[in-house]
Every structure is written in C-alpha cells, then in structure tokens.
Amino acid sequence: MRWSNLFVPTLREAPAEAEVASHRLLLRAGFIRQLHSGHYSLLPLGLRVHDKVADVVRQEMDTIGAQELLLPAMHPAWVWEQSGRWQSMGDEMFRLTDRKGAEVALGMTHEEVIALCAREIHSYREVPQIWYQIQWKFRDEPRPKSGLLRVREFAMKDSYSLDIDDAGLDRAFDLHHAAYTRIFERLGLPAIAVEASSGAMGGSASVEFMVPSAAGEDDIVRCGNCGYAANVERAIAVVPPVDDPPGGVLERFATPGIRTIAALAAAEANASPERQIKTMVYVLDGQITLVLLRGDHELSEQKLLDNTGAAAARPAVAEECVAALGAAPGSLGAVGVTDLPVLADDALAGRSNLTTGANTDDFHFRGVDIQRDISVGEWLDLRQVRHGEPCTGCEGPLELLRCIETGHIFKLGRRYAEAFETTVMDAEGVSRTLTMGSYGIGIGRAVAAVAETHHDERGLCWPTSVAPYEAVVVPISGRDEAVTEVSERIYGELRDAGVEVIIDDRDARPGVKFSDSELVGIPYRVTVGPRALAAGNVELTERASGNTTLVPVEDAVASLTAARDTALAVL
RNA sequence: CGGGCUGUGGCGCAGCUUGGUCAGCGCACCUGCUUUGGGAGCAGGGGGUCGCCGGUUCAAAUCCGGCCAGCCCGACCA
C-alpha cells in the first residue's frame with residue numbers, strides 16, 4: 001500500500017472531547033471517527049486492527065474446536081419474552097416496530113437464539129458443541145464513553161457451549177479459560193483472570209479477564225503474594241478484629257447537627273468510625289431494608305444484590321427514610337427496629353459498645369450491643385474490600401487495581417435451554433435439558449485496551465500481531481533517484497516476503513513522515529536516506545523501543561522479516 | 001436519571017462580561033516558486049446559516065427563554 005493512496009486522516013491536535021489515551025490516539029492517528037455518541041466509524045487502519053484482533057480470537061476459538069456461525073442482529077420480541085428477558089433487559093435493549101406492527105429488538109447477546117438453534121440437537125451423541133460468532137451487538141448504554149471502550153454498537157465474539165452434564169460444562173469452561181489466556185497474550189494484553197459476580201445472568205462460575213488501566217471502569221483486588229484475584233464485587237479480605245471496651249450500657253444521647261460518621265467520631269469519645277454502625281436504608285425489590293456496616297466500611301451494591309438475590313437495589317431517598325424510621329439520614333439506626341428487614345455485614349458480628357443513630361434527628365445511641373439490641377435478620381458479606389487489607393489466603397497485602405474488562409466467561413446452566421425446551425436423549429433414552437456456558441470478548445474494546453496499554457508520548461505502539469501494517473518504508477528526499485529506487489525495491493521485496501508494508505511516497509518532509517508513522521504506530525520502519533545510503537546502508541527502527549540499527553541495503557528485508565517473525569512467535 | 005462543563009470553517013481556540021468595522025487567530029486545505037534527515041519559507045487563495053427554534057432590540061455569535069447535541073463525574077450496566 002502506498003501512503004499517498006491510504007485514507008489516514010491524522011490530526012495534529014486531538015479533538016477536545018477525547019479524554020483517555022486510546023480515544024485520543026485512535027482519533028488522532030486516523031483509526032476511528034465518531035458518528036454519534038457511542039457509535040464509531042472504523043476507518044481503514046482501524047478496521048485492519050479490528051480484523052486482526054478478531055482473527056486472533058477466531059484462531060484460538062477454532063483451536064478448542066469451536067465452530068463459527070453468524071446469527072441475526074435483529075430478533076423478534078417473542079424470543080426474548082420466552083426467556084423472560086424482554087422485561088428484565090429494560091431500557092438497555094434497543095426496540096423497534098416493523099411495518100406490520102411487530103415488535104423487534106436489536107440483539108444485545110444471543111443466548112436465546114443459540115438455545116433455539118440447539119433444538120436441532122437430538123442425541124447425546126451430538127454434544128458437546130461450542131458455537132461462536134463475531135457479531136454486532138447493540139446496547140442502549142446510559143452513558144457511552146471513552147471512545148471504543150464503552151459504546152452502543154460493537155463487535156463481540158461470543159461463544160456458547162452446549163453440554164449434557166456439569167462435567168461437560170466444566171470442560172468447556174476450562175477450554176475457554178485457556179483459550180482466553182492465549183488470546184490476550186497474543187494481543188499483548190496483560191489480562192488478569194479474576195473471580196467475578198455472575199450478575200443478573202446467574203450461573204455457578206464466572207471469570208472476568210481484566211486489563212489494568214486507569215481508563216477502566218472496574219476495580220479488582222489482587223494479592224501479589226499468592227495470586228488471589230477477584231472483582232471487588234466478590235473480593236474478600238481479612239478484617240482485623242476491633243477491641244470493644246466492655247460494659248456498654250444502651251443510652252440515648254443528644255448529637256445536635258451531627259449527620260456523618262466523621263462528625264460523630266470527632267464529637268464523641270469512643271466513637272471512632274470502626275466503632276460505629278453505619279445504617280443505610282435501601283429499597284430492595286420495592287422493600288425498604290436496613291443495611292448495616294461498620295462505620296468505616298463501604299457497601300458493595302453488587303454484593304448486596306448477589307447475596308440477597310434481589311433484582312434491584314437503590315438507596316432510599318430522605319423522605320422514604322423519614323416515613324419508615326422517623327428520622328432523616330444522619331440519625332438512622334436499627335436499634336429496636338423489628339418491622340423492617342435488617343441485613344448486617346459479617347464484620348459487625350459479635351461487636352458491642354458501639355454507637356449508632358437513634359431514629360430521632362439529632363440523637364444517637366451509645367453502648368449498642370449488636371446481638372442484644374438489634375434484630376439482625378441476616379448476616380452477609382456486604383462490604384467492599386480496601387487497598388492494603390490482608391489476603392484471606394496468605395495474609396499478604398491486597399492491591400486494588402482499576403481495570404478494563406476485556407473478556408468474561410461463565411457457566412449459564414440450564415436456564416435458557418429450559419426456556420426453549422432444548423433437550424436431547426441420553427444413552428438411557430431419557431430426555432435431558434442441555435446446560436450452557438457463555439463466553440464473550442469485546443473486539444472493539446480489546447482494540448482500545450491494546451491502544452491503552454501500548455502507546456507513548458509520540459503515539460500508538462501496536463504489537464506486531466495486531467498492527468494495521470507491519471512495516472513502513474520511508475524514503476527521505478523524494479528527489480534523490482537512488483533513494484527512490486532503493487525504497488521501491490525494498491518495498492517490493494518486503495511485499496514479496498509476505499510483510500504487510502506501506503511505502504510513504506508522499507511528497508512530504510521527513511519530519512512529517514516520521515511523526516505520522518510513529519503516531520499510527522507501525523512496528524517497523526525502514527528509513528532510506530542519502531546519508532546512510534552513501535555507505536550502502538538503510539536504517540531499521542523499531543517503534544516500541546525506538547532502537548535504530550544500520551543495515552546494508554541487501555540485508556534489510558531479511559533483517560526486518562526476522563525481527564517480525566521473532567515478535568510474532570512470542571505473540 | 002442527578003451534578004458539572006461545552007457547542008464559533010476539517011482540528012485546536014479567541015471574541016460573549018460591556019450588543020454595532022468581529023466573524024478572527026494557529027494548524028490543515030488550494031495555486032505558484034523555493035525547500036527536503038524530525039511536523040518548511042515566501043506570495044496569493046478558498047471555506048463558517050457562530051448547535052437549533054423563538055424572544056428582546058433600530059441592530060444579536062454576544063442579552064433572555066426553550067430545545068438539541070457532545071464531554072466529564074456519579075448512578076446504571078452479561
């Protein structure tokens with residue numbers, strides 16, 4: 001490809017709306033353009049990277065025996081009604097009406113369609129199956145952001161395993177786990193596999209592949225010592241015990257104007273945050289519920305949902321608190337509350353002589369003994385782990401890491417197969433419902449994650465496995481015939497050698513060509529200039545390291561292909 | 001959905017407070033000449049209903065109201 005023919009609209013300055021590195025650089029380097037919030041056009045270079053990422057995924061899926069298919073992006077409403085998700089998906093599903101008045105939706109995922117296809121399987125002899133597709137998915141995200149990281153339409157590789165029993169599902173799950181590990185390695189993504197919440201999908205195992213990045217939206221906890229890793233939605237840590245002074249007598253006292261844990265700690269002796277009870281009022285599936293945590297602990301809403309089985313949780317508004325308890329937030333407590341469900345975090349178990357709100361504005365209780373004074377309905381793990389807390393496995397300090405979720409695998413079980421009566425006959429002639437697993441990788445998000453992980457102040461530094469082109473030949477001084485001749489020759493030979501190469505044949509100054517090739521992030525550059533050429537040499541520059549070596553003209557192609565092959569072998 | 005910010009040629013911005021020779025600057029683009037190892041120089045040139053609608057006014061990019069869009073934080077989110 002000749003740069004003069006290539007559509008790469010590079011920008012000297014990044015558009016103001018781009019904040020995170022991948023968004024800025026993908027825009028500046030001419031890979032993507034936004035059409036609308038959450039909807040991006042992939043320009044030629046962007047599509048090449050996208051395709052390469054998809055190909056890596058495809059190869060590794062094929063390696064574990066998965067078969068590619070392609071399912072419709074538009075689904076009739078009844079399919080989603082039959083699985084119960086027409087309602088539960090809510091506003092996140094794009095819905096429209098066709099000319100006949102029939103309701104349809106743009107698919108956000110394909111469990112239903114797969115379960116329907118799988119009805120063609122009739123015998124245990126025909127399983128296991130792993131089917132995958134790379135398909136455009138649509139989700140009406142409340143807030144698209146960060147370029148390709150969170151969008152409303154995107155290509156996703158999703159695969160589905162179909163098995164007759166749990167052992168088969170376990171095997172399919174493990175195959176995917178291994179395949180995903182290889183995929184992210186090949187993409188140059190330092191993904192960490194973490195235990196995750198299954199969320200609304202249910203299921204018995206759930207692992208997310210997380211790439212550390214400040215641009216991410218999820219937090220994970222990791223132990224550098226023993227390797228424990230989990231999404232904060234599930235993570236646990238050792239909570240060092242707190243010594244409560246004995247002899248607490250329940251006593252109400254005035255706390256005028258005090259509304260926060262910190263203010264109470266400052267005003268009252270023996271009421272440091274870890275010796276207070278934080279009372280949060282939540283509405284769980286419509287039911288007002290008190291949620292109790294240690295004063296210095298944070299609630300994890302996902303744990304609240306997961307551990308109660310509730311479908312929806314939201315903090316109660318002040319009016320609801322007053323109506324339910326007689327006081328506004330800041331003076332709330334669970335002492336003596338018997339008409340509402342009370343959930344308490346495990347870290348409060350056995351605690352005594354604590355301080356908490358008295359359900360009268362400007363009053364608190366001291367001397368509270370959880371066991372004696374509060375009717376706890378259920379003890380649960382509800383708190384969010386904090387940076388530096390001891391690992392439950394080895395006591396090593398846990399680190400909290402912000403990450404991009406690039407992959408998620410989990411066991412669905414029989415929910416969808418049951419909804420569509422997807423059954424097979426087993427060896428005994430008994431009808432058995434298939435069990436499914438679901439395994440996703442966002443292709444565009446992976447592209448962004450690679451950009452996020454591989455760039456410097458000059459631009460992108462693509463790993464060779466996904467680079468839009470592998471090499472660029474840069475002739476310096478288009479007027480020098482020897483330079484032109486050697487450049488064209490090397491360009492032709494590289495193409496013949498199977499290298500994806502561009503020649504920057506533009507009538508531009510060297511600085512422009514260097515800057516553009518670095519911004520775009522092509523891994524190898526061959527610079528042909530009169531200076532080196534006079535001694536029979538050209539320069540070979542590696543984008544990522546910036547290292548330049550002089551090589552004789554006749555060795556250039558061999559050196560470059562060797563370097564590329566070495567890089568690809570590792571990926 | 002709550003909070004904050006922003007909409008002026010392709011990109012980055014100034015102008016708005018104090019309405020009127022303000023539609024302007026840098027980059028990009030076009031033509032010509034020169035130039036060619038890190039985003040060239042000179043000369044000439046093209047391009048903008050100032051997000052949209054309405055109002056105030058002799059006069060609106062500028063003031064007022066409404067709407068729309070985008071970005072950021074939070075909530076939400078297989």
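Here is how names work: the chains are called A, B, and so on, in the same order as the sequence lines, proteins then strands, and each is numbered from 1.
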What is the distance, rounded to the nearest whole Å, between atom [atom1] of [X] and atom [atom2] of [N]?
X       : N       : atom1 : atom2 : result
D219(A) : rG74(B) : CG    : P     : 10 Å
R314(A) : rC1(B)  : CZ    : C1'   : 12 Å
H23(A)  : rC72(B) : NE2   : P     : 8 Å
R33(A)  : rG70(B) : CZ    : C1'   : 16 Å
E457(A) : rG38(B) : CD    : P     : 18 Å
E111(A) : rA78(B) : CD    : P     : 12 Å
E92(A)  : rC1(B)  : CD    : C1'   : 14 Å
E298(A) : rA75(B) : CD    : P     : 10 Å

## Note on the structure
Expected string for nucleotides 9-14 of chain B under the B/S/- scheme (protein heavy atoms, under 4.0 Å, primed atoms plus P, OP1, OP2 as sugar-phosphate) is --SSS-
List in chain and number order the residues that pass side-chain hydrogen bond (donor to acceptor under 3.5 Å, both in side chains) with [X], two or more places apart in sequence or in another chain; answer none if no residue qualifies.
X       : answer
E19(A)  : none
R152(A) : H36(A), H39(A), D140(A)
Q67(A)  : Q129(A)
D345(A) : none

### Task
Classify the ring geometry between H408(A) and F410(A) as parallel (under 30°), tilted (30 to 60°) or perpendicular (over 60°).
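Aromatic pair H408(A)/F410(A) classed tilted.
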### Task
For the pair W80(A) and H75(A), name the ring-plane relationship: parallel under 30°, tilted 30 to 60°, perpendicular over 60°.
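The arrangement is parallel - the two ring planes meet at less than 30°.
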### Message
Quick check for you: among rA75(B), rG37(B), rC76(B), whose closest atom lies nearest to any side-chain atom of E301(A)?
### Response
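Nearest to the side-chain atoms of E301(A), counting from C-beta on, is rC76(B).
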#### Entry: Minimum-distance nucleotide to R143(A) side chain [options: rA75(B), rA40(B), rA78(B)]
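Nearest to the side chain of R143(A) among the choices is rA75(B).
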### Query
Hey, is R85(A) close enough to E111(A) for a salt bridge, meaning N to O under 4.0 Å?
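The answer is yes: the pair qualifies as a salt bridge.
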### Query
Tell me the side chain to side chain donor-acceptor pair (under 3.5 Å) pairs involving residues 311-322 of chain A, sequence neighbours left out?
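The answer is R314(A)-E320(A).
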Identify the nucleotide, in any strand shown, that forms a Watson-Crick or G-U wobble pair with [N], with both distances under 3.5 Å; if there is none, say none.
N       : answer
rG70(B) : rC5(B)
rC42(B) : rG32(B)
rG47(B) : none
rG26(B) : rC11(B)
rA60(B) : none
rU17(B) : none

### Query
Taking N and O atoms by type only, does the side chain of R150(A) place a donor or acceptor under 3.5 Å from a partner on the base of rC77(B)?
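By the distance-only test, yes, there is a pair.
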Categorize [X] for me: base, sugar-phosphate, or nothing, with a 4.0 angstrom heavy-atom threshold over every strand shown.
X       : value
S515(A) : base
R525(A) : base
E405(A) : nothing
S146(A) : sugar-phosphate

Anything under 3.5 Å between a protein N or O and an N or O of nucleotides 46-48 of chain B, put it in a table, one pair a line.
none

### Message
Looking at D91(A), I want to see if its CG is surrounded by more than 12 non-hydrogen atoms of other residues, nucleotides or ligands under 6.0 Å.
### Response
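Counting neighbours around CG of D91(A), 12 or fewer heavy atoms of other residues, nucleotides or ligands fall under 6.0 Å, so no.
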### Message
Tell me every residue that passes salt bridge (Lys or Arg N to Asp or Glu O under 4.0 Å) with R222(A), counting only those two or more places apart in sequence or in another chain.
### Response
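Counting only residues at least two positions away or on another chain, R222(A) forms a salt bridge (Lys or Arg N to Asp or Glu O under 4.0 Å) with E399(A).
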### Task
Apply salt bridge (Lys or Arg N to Asp or Glu O under 4.0 Å) to E68(A) and list each qualifying residue two or more places apart in sequence or on a separate chain.
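Partners of E68(A) by the salt bridge (Lys or Arg N to Asp or Glu O under 4.0 Å) criterion, ordered by chain and then number, come out as R58(A).
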